[in-house]
Protein chains: 2
Amino acid sequence: MNIKDIARISGYSVGTVSRVLNSSSNVSQKAHDQVMGVVDKYHFEPNANARSLKRTDTHSIAVMVKGRYNPLFANILEKLHTYLDMRGEDVYVAYLDEDENEVQFALRYQKAHNPRGIVFLGGELEYFKQDFCQIVCPCVVITNSTQTLPFTNLSCVLTNDGQASSDIVDVLIQAHHSKIAVIGGNLSQGQISLRRLSGAIRRCAQAKIPFDMSLQYEPCHFSMREGYDALLRVLKRVPQTTAIFALGDVIAIGVMRALRDIGKSVPQDISLVGFDGIESSQFCIPRLTTVRQDTTRLAERGAAILLSMIEGTSRGSVCEIVDHTVLKGETVKNLSELDN
Amino acid sequence: MNIKDIARISGYSVGTVSRVLNSSSNVSQKAHDQVMGVVDKYHFEPNANARSLKRTDTHSIAVMVKGRYNPLFANILEKLHTYLDMRGEDVYVAYLDEDENEVQFALRYQKAHNPRGIVFLGGELEYFKQDFCQIVCPCVVITNSTQTLPFTNLSCVLTNDGQASSDIVDVLIQAHHSKIAVIGGNLSQGQISLRRLSGAIRRCAQAKIPFDMSLQYEPCHFSMREGYDALLRVLKRVPQTTAIFALGDVIAIGVMRALRDIGKSVPQDISLVGFDGIESSQFCIPRLTTVRQDTTRLAERGAAILLSMIEGTSRGSVCEIVDHTVLKGETVKNLSELDN
DNA sequence: CTGAAAGCGCTTACAG
DNA sequence: CTGAAAGCGCTTACAG
């Protein structure tokens, strides 16, 4: 069943059928009704390959998701998907490993499929510097800043990671913690971890709290398992630690479990704060004190910016910051009795 | 840059370039080297739309994921993706809501994209009965049984939900629990919840433990939030409950948090078991006693069965069961002091 | 408003 | 082994 069959059955030419299907204005009501009758009767769907082969304006948007198990991205992705569906876009999702080169993947995808636009959930700036110049369609990075890059077809939406980290570390400092360890991420690549760590260090410095990177910082991937192991490593180095800042909630959950397994309780023995505000962080025991990224807004703005770039209504690239919120949970103990 | 450009630059015809690209046997080594030189130099990627428009054998496989936030499916999907990628298949993933009609969606997708095969992660048998007859390509359902359906192009891979439920409820019974509540799912549709509940009831009956559906069973969607609320409802009805079987781990995590919020501790006051064995279940505090579905195997077998159906090497549809494992956590208390 | 025709970028029998 | 040509199922100027 193809457009020719519909043409034959409805008594019109393929051109007219195509016009009806694409709701062109140059069709009579009669032709429209006649054709749609046949289309509905046979549940006809035009072949997407042929359609996008011909069309100059495809309606497909690709989303590159960096990290397969990231609940924050899963959450943003779902909302993004819903939003783009509503706007009539076809969405293609590609999942990449945390370390894979998303720009090269996008490049290959662009050549094979010629999408209207690309969304990157997470992004490694180094890769963008190397290869993004070859990407011609509008793109938006969600959760990382591309402001320092010179590309006019590249925008970004993100949380102010530095400020948010500073805010959550502030919760620890207000509770009189001064022996703070930071766990998670990878500073050699991936600016997000670096920005979060810097925010934490900056806040410490303001409070005149010393922070020795080589002792008090421990990198790891964003997973419970790795958070678990990293906690053990860092506590071996600095057993006097009274509080931990995990750069992601999944890491924090692993940390919490590790502390329990070595007989330390949260927050009585050690306080803990996370980052992201994923659902699990508010259901675990104790409830995690963390900073919530506004996934709804990140998704909405990401989609809106991309579509406006595609439609040419926005002038060049933008970089938008979305507000964050500190969620007070049950994982921070106030060390000063006076405050209680 | 298209195949014509490559032909012009390499000095061969488009036919030959196409043959090189598709590694046909009828090409000289010289032509191959010449053409590939140009292809590599310009990083040429053939247009996927044109290619699959022409090809009778597409290399795309569609995956319908039922429920956007399901960590079990996320886990299976990741492995499935990896496996299919290795086999050179293009994978398209569609996320549907828990209640959406996946068969109608697949039908539309089939007409527009003509995939080689379709994987359903989760599936509502009612929808299959209504519309699956219109689907012509090989399909496999993962985590639900389609054995009772008469379609030769439909296979399935699943855990024996009834047996697994019986096994996990057995853990409660061995610990001398007899006042058990079951939480989760929706019996009016979705056979999985029903099979799990039935397994639980069967095991109770064997042990001569009464089970009153209208009192001791409480439905809810598979989410922490809904598990949380469902626990409150069921405990209001049967406050004497000593143990809870949550039909999914995410529900169990919500239940655990709700119990904490009403001042009950797990397992001292109430014991709890789950189903699925997702990562969080082994990091939460206390660690959840649950039954683990073998996601690696479900993904591997699902992919293998689908591919063998596509290649015509398997005869008709199959229904495979994958083994499960009981994970002993810290959420079940033995009520009899004698056993300790 | 409608039809006939060209063409999107490929693949694949068909000759040679 | 290679080239010329037909055709996959659509869309869209071009006439009328």
Side-chain angles (χ1 to χ4, degrees), chain A residues 1-39 42-60 88 90 108-116 136, chain B residues 1-39 42-60 88 90 108-116 136:
Chain A
M1 178 110 293
N2 57 31
I3 202 175
K4 258 167 142 175
D5 298 316
I6 302 296
R8 188 170 33 74
I9 300 172
S10 66
Y12 283 90
S13 71
V14 292
T16 302
V17 172
S18 175
R19 277 177 218 113
V20 170
L21 255 19
N22 295 288
S23 42
S24 149
S25 49
N26 300 325
V27 214
S28 66
Q29 187 63 43
K30 183 161 162 252
H32 175 270
D33 295 348
Q34 205 96 344
V35 169
M36 284 315 285
V38 181
V39 166
Y42 293 91
H43 302 290
F44 171 69
E45 289 279 341
N47 179 303
N49 288 318
R51 179 170 250 179
S52 41
L53 178 58
K54 248 330 255 186
R55 282 237 274 245
T56 43
D57 65 321
T58 6
H59 272 272
S60 81
D90 277 347
R108 281 204 307 282
Y109 186 82
Q110 172 187 253
K111 287 180 179 166
H113 296 273
N114 187 35
R116 295 180 87 191
V136 294
Chain B
M1 176 110 297
N2 59 31
I3 202 176
K4 258 166 142 175
D5 298 317
I6 303 295
R8 186 170 36 74
I9 299 171
S10 66
Y12 283 89
S13 72
V14 291
T16 301
V17 173
S18 175
R19 278 177 216 111
V20 170
L21 254 18
N22 294 288
S23 44
S24 151
S25 49
N26 300 323
V27 216
S28 67
Q29 186 62 43
K30 181 161 165 252
H32 175 270
D33 296 347
Q34 205 96 346
V35 169
M36 284 315 286
V38 181
V39 165
Y42 294 91
H43 303 290
F44 172 68
E45 291 279 340
N47 179 302
N49 288 318
R51 179 168 248 180
S52 43
L53 178 58
K54 252 324 257 186
R55 283 236 275 244
T56 43
D57 66 321
T58 6
H59 271 273
S60 82
D90 276 347
R108 280 204 307 281
Y109 187 82
Q110 173 187 252
K111 287 179 178 166
H113 296 273
N114 187 35
R116 295 181 87 191
V136 295

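Everything numeric here is computed off the predicted structure, so don't read it as measured data. Quick note on labels: first sequence line is chain A, next is B, and so on, each numbered from 1.
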Next on the checklist: OP1 or OP2 of D:dC1 versus the side-chain N and O atoms of B:Thr16: is any pair under 4.0 Å?
Outcome noted: no
Checklist entry - Quick one: which of D:dA13, D:dA4, C:dC10 gets closest to the side chain of B:Arg19? => result D:dA4
Item to check | Whole angstrom value for the distance that separates C1' of C:dC10 from CZ of B:Phe44 | outcome: 9 Å
Item to check | C:dA4 - base-pair partner by Watson-Crick or wobble geometry, distances under 3.5 Å | outcome: none
Next on the checklist: I need the CD1-C1' distance between B:Ile3 and C:dG7, as an integer number of Å.
Outcome noted: 16 Å
Checklist entry - If you check the A:Ala50 side chain, which of C:dT11, D:dC1, D:dC10 turns out closest? => result D:dC10
Checklist entry - With respect to the phosphate group of D:dT11, does any side-chain polar atom (N or O) of A:Asn22 fall under 4.0 Å of OP1 or OP2? => result yes
Next on the checklist: What is the distance, to the nearest angstrom, from the NZ atom on B:Lys4 to the C1' atom on D:dA4?
Outcome noted: 13 Å
Item to check | A:Ala7 versus A:Ser13, closest heavy-atom pair with distance | outcome: CB-C, 3.8 Å
Item to check | Length of the line joining A:Asn47:CG and D:dC10:P, which is rounded to integer Å | outcome: 5 Å
Checklist entry - Using a cut-off of 4.0 Å on non-hydrogen atoms, how would the nucleic acid contact of A:Asn26 be classed: base, sugar-phosphate, or nothing? => result base
Checklist entry - A:Arg19 pairs by side-chain contact (heavy atoms from CB on, under 4.5 Å) with which of A:Leu21, A:Asn22, A:Thr16? => result A:Thr16
Item to check | Nucleotide C:dC10, atom C1' - distance to NZ of A:Lys111 in whole Å | outcome: 18 Å
Checklist entry - Between B:Val20 and B:Ala31, which heavy-atom pair has the shortest distance, and what is it? => result CG2-O, 4.2 Å
Next on the checklist: Below the 4.0 Å mark, does C:dG3 have OP1 or OP2 next to a side-chain nitrogen or oxygen of A:Ser13?
Outcome noted: yes
Item to check | From C:dT11, D:dC10, D:dG3, nucleotide with atom closest to B:Tyr12 side chain | outcome: D:dG3
Item to check | Exercise: identify the closest heavy-atom pair between A:Pro115 and A:Gln110 | outcome: CD-CA, 3.7 Å
Item to check | Close side-chain approach of B:Tyr42 to B:Asp5, heavy-atom, < 4.5 Å | outcome: no
Checklist entry - Counting just side-chain N and O atoms, does B:Asn2 come under 4.0 Å of either OP1 or OP2 of C:dG9? => result yes
Item to check | Rounded distance (Å) that lies between atom P of D:dG9 and atom OH of A:Tyr42 | outcome: 18 Å
Item to check | Watson-Crick/G-U partner (both atom distances under 3.5 Å) of C:dA13 | outcome: none
Item to check | Any A:Ser18 side-chain N or O less than 4.0 Å from OP1/OP2 of D:dT12 | outcome: no
